[in-house]
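Report on one structure; see the data block that follows.
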Amino acid sequence: MSGEILKRSLDFLPRRQAGARDDKQAMDNKQVLEKFEKLVAIQSVSTDSKRHKEILKAADFIKKELINLDCQVNLYQKDDCPPLIIASYNFCTDRSKNCKTIGVYAHYDVQPEDPIDQWKTPPFRLTVKNGKIYGRGTADDKGHLIEILVATKKSRNNIVFIFEGEEEIGSKNFKELILKAKKDLKEIEAFYIFDMGMKDKNIPQIYYGLRGIVAFELKIKTSEIDLHSGVYGNRVPNPAQLLADLMSRMKDSKTGKIKIPGFYDQVKEITQEEKDLLLKSNDTLLSKIYPSLDINGMISGYTGEGSKTIIPAEAMVKFSIRLVPNQDHKKIEQLVEGFIKNNLPKGVDYKLKIFGGNDAFYIDFKNPHTKKTAKILSQVFQGETKFNRSGGSVVAAEILQRLFEKPVILIGFTLPDNNIHAPNENFDEEMFWKGIVAIEKIFAQ
Ligand SMILES: [Zn+2]
C-alpha cells in the first residue's frame, strides 16, 4: 500500500468513540490494514487448481494469526481439498465465570478475478480509495475474516472459529470435515456466519432464512439416429417436443406455480407477523419465500446455421428447484422422479440424474440471540436492524443448524454495491471499521 493511500485511510478513524482519535488508534488501524493487505495478496481462488498452493498459503497465514491470538488450531482436510480451519479461543477456562462459547464462520477462498481488464486497481493489491477498500475477496469474505480476528482481542467469551476454504465451490466437504471437528464445537451456544451484507449503508440486516436447492438433468432418447421429418413426422415421438411438454406440465409459466402433485404439502406457512417483518425490508416477497423451478439449460437436435429438417434422436434439459423451509429435498427428488415417470409416454427411454441438494435454512427470528444481535447492530450503526430471508443458499448455515441445533445468525457488513464476485470488489471503509466494533460487542455480550 502506498504511503499516500495509507495516510488517507488512517485519517478516517470512526472505529472508536469520540476522543479516541489518538496515535495508538492510528497504529492499530494501520496494523489491521496491513494484515488485510497481506491476506488479499494471497490468490486463494478455490476453483483454480493451478493456484492450489495459494489456498494453502492463505490457510497458513490465518493459522499463524490464530496462534498469535493464543488459539488452539486444527486443520481438517480430505485428500488435498482446501483445509477447514477450526480454532478455539479460550478466554475463560473457569466455568464459574459464566462464559459463553460462540461459533464464528467465515471463508478464506475467493472467486476468480476475471474479467481482469475491467478492474480499475490490481485485483490482489489492497487499495484504499474514495472511502472504499478495493481488492478481490475484500467483501466476500476476507474483510469479515480480518474483522473477526481483530475483534477477538476484546472478547470476554470463548470463541470457536470455523474458517472454510471451499465456500465458493459449493462447500462439498464441509459436512464431512465439520463432523471430524464435532468435539471442538459441542459447547457452542450460537453460530455467527459473517458472509452476508447490509440492507444499505448504516442499515444492518440479519438473515434468518435461506432457500434450499435440488438440481436435475433429464435425457430422453427416442431413436438411435436423427430421422427425416418428412418421412417420420407424426409417426414417431419427438424428444424435444416431449421435453417441452413435460416441463410446461411441471410449472405454470404465468404464475410460477409448480404443478407437481404434493409439491407444496410440506411448505411452512408464513404468518402475518413474519410477512409484516419482511415487507419492512423488501419491495417484493415472491422471490424469497416461495419455491421456484427453473430450466437452466436445454439442448436437442440441430442448432446450427440455416435449417435442417430432422426429428432429433435425443433431448436434454437441466433444471433446478429452490426450496423453502420444511420441504425435504429428498422427498422433492422423489416427487420429481415420480412426476417424470408418470408424464412421459410409456416406452420412452430416459435417464434422470440428481445432483446432491440441500434443505432450506430457517431459524426463529424471535430467538434471544438474534434479538440481542439486532440490538447491538442497531446501536453501532445507528439504524434499525432489518430482518430478511435470502433467495440463495449458504450451505454451511444449513449444515451447522442441522448438526448442532443451535441458533445460526447470518450477518455481515458489505453493501449492495460492493461488487461481490465481480470486478472492482470493495468493502466500504466506514462499514469495515464499524463492523469491527459490532463484532467486538457481539463477542463481549
Ligand atoms: Zn462468501
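Model, not experiment: these values are computed from the prediction. Counting starts at 1 for both ligands and their atoms, in listed order.
For Asp140 and His421, the side-chain atoms include at least one donor-acceptor pair closer than 3.5 Å. No hydrogens or angles considered: nothing links the side chains of Ser46 and Arg51 as a donor-acceptor pair under 3.5 Å. Asn419 and Tyr134 are not linked by any side-chain donor-acceptor pair at a separation below 3.5 angstrom, with hydrogens and angles left out of the test. Between the side chains of Asn202 and Lys434, at least one donor-acceptor pair of N or O atoms lies under 3.5 Å.
Taking Glu166 as the reference, Asn173 meet the side-chain hydrogen bond (donor to acceptor under 3.5 Å, both in side chains) condition, with sequence neighbours excluded.
Below the 2.8 Å limit, the Zn ion (ligand 1) has as protein N, O or S neighbours His107 NE2, Asp140 OD1, Asp195 OD1, Asp195 OD2.
Aromatic ring orientation, His144 versus Phe427: perpendicular (interplanar angle above 60°, classes split at 30° and 60°).
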